[in-house]
Amino acid sequence: MTDTTAANPADTWTVAGRTFTSRLIVGTGKYKDFEQNAAAVEASGAEIVTVAVRRVNVSDRNAPMLTDFIDPKKITYLPNTAGCFTADDAIRTLRLAREAGGWDLVKLEVLGEARTLYPDMRETLKATEILAKEGFLPMVYCVDDPIAAKQLEEVGAVAVMPLGAPIGSGLGIQNKVTIRLIVEGAKVPVLVDAGVGTASEAAVAMELGCDGVLMNTAIAEARDPIRMARAMKLAVMAGRDAYLAGRMKTRRYADPSSPLAGLI
Amino acid sequence: MADELLLTVNGEPRRIAPGSSIADLVASLGLDPKKVAVERNAEIAPRSTLAEVILADGDVLEIVHFVGGG
């Protein structure tokens, strides 16, 4: 069997001075248990996982902890602000996350409403600016709007992470044009965050020139999450290679691949 | 001075002996201070100071850690 893992060992990406080989970031929510979660992370090849910040359960002190299954020394924990609807809540959450984990690279998301979990860009911009001033390195979940992406970059986002479709919807990348425009205009890494449902959609994100893809539900809610994690790893690599290889031009009509000369 | 202080820890009332530090509270909950972060009255309590900060009656504490999330 040919080696499908080492497509191009030199093809790394860098966010805020940290260099990674895997372009797939996976979430750690919605899994059956921590064992399955850890196995899926392993199969995905991800070097970064997103985590949430929540109150400890003071009544059940023996409850298993995520850190017992996914080692923060080996896998970079990217604390998120999921569930925050104001800049103040998101900033408060990340200050705690920085204290808990001791690192500055974070995922900011400030949500506008529960039904769509669409980002509130006014609050997101405000939070990005304050966090950057406090020394955080915010990777920012945002709308698929090239102007908003530029504005985030200007106030200190170290990566912009437009949605492909609503969080947890699995609808795939709805607006390839805006994602491409964001990629073309950005000086920081661009990652599609949210909306990918299956492997081909992860490949689409990479073919558009994104630096990476972030997903959770597509893996966690697959019938076989570990197999889907592997599929996503391969899809991200395939999409990246296709982007680097440069696709053929499309034609309106057929063009034979076999020579016309020498026909009998 | 009261026999015990009344705190609010993660939204729930909790009593503790006067003179206790945040580190004492964290230990009494059976938590590893290296794996949690503490906020006292809406201000971060840096891990390096947990043993020095003495709790006061009415303090509101949030103790958080990392859980699975997307």
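Residue numbers start from 1 in every chain, and the chains themselves are labelled A, B, ... in the order their sequence lines are given, proteins ahead of strands.
- Proximity to chain A involves both the backbone and the side chain of B:L29, based on heavy atoms less than 4.5 angstrom apart.
- A 6.0 Å sphere centred on CD of B:E43 holds no more than 12 heavy atoms belonging to other residues, nucleotides or ligands.
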Practice task
Give the intermediate values and the outcome of side chain to side chain contact (heavy atoms under 4.5 Å, CB included) for residues A:V58 and B:V9.
Solution key: CA-CA 8 Å; A:V58 292; B:V9 179; 4.2 Å; yes
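- Counting non-hydrogen atoms of neighbouring residues, nucleotides and ligands closer than 6.0 angstrom, the CZ atom of A:R227 reaches no more than 12 such neighbours.
- Distance check: A:R54 CZ to B:N10 CG gives 12.5 Å after rounding to the nearest 0.5 Å.
- Side-chain atoms of B:K35 and A:D68, non-hydrogen and from C-beta on, do get closer than 4.5 Å to each other.
- A:N37 does not touch chain B: none of its heavy atoms, backbone or side chain, sits under 4.5 Å away.
- For a residue to count as touching a neighbouring chain, one of its non-hydrogen atoms must lie under 4.5 Å from one of that chain's; by this rule B:I63 touches chain A with backbone and side chain alike.
- Both the backbone and the side chain of A:A97 have a heavy atom closer than 4.5 Å to some heavy atom of chain B.
- The stretch residues 85-96 of chain A places A:R92, A:R95, A:L96 near chain B, each with some heavy atom under 4.5 Å from a heavy atom of that chain.
- Heavy atoms of A:M65 lying under 4.5 Å from chain B belong exclusively to its side chain.
- Contacts between A:K30 and chain B at a heavy-atom distance below 4.5 Å are absent for every atom of the residue.
- When all heavy atoms are compared, the tightest approach of B:G68 to A:A52 is O-CB, 3.9 Å.
- The number of heavy-atom neighbours closer than 6.0 Å to CD of A:E42, taken from other residues, nucleotides and ligands shown, is 12 or below.
- Of the listed residues (A:T50, A:I167, A:N216, A:V49), the one with the most heavy-atom contacts under 4.5 Å to chain B is A:T50.
- Checked by atom type and distance alone, the side chain of A:E99 pairs as donor or acceptor with a backbone atom of B:R47 at under 3.5 Å.
- The CZ atom of B:F66 sits 9.5 Å away from the CG atom of A:N80 when rounded to the nearest 0.5 Å.
- Only the side chain of A:Y77 comes within less than 4.5 Å of a heavy atom of chain B; its backbone N, CA, C and O stay farther away.
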Exercise for the section: I would like to know whether B:L31 and A:V56 meet side chain to side chain contact (heavy atoms under 4.5 Å, CB included); could you show each step before the answer? Expected result: CA-CA 9 Å; B:L31 299 168; A:V56 298; 3.7 Å; yes
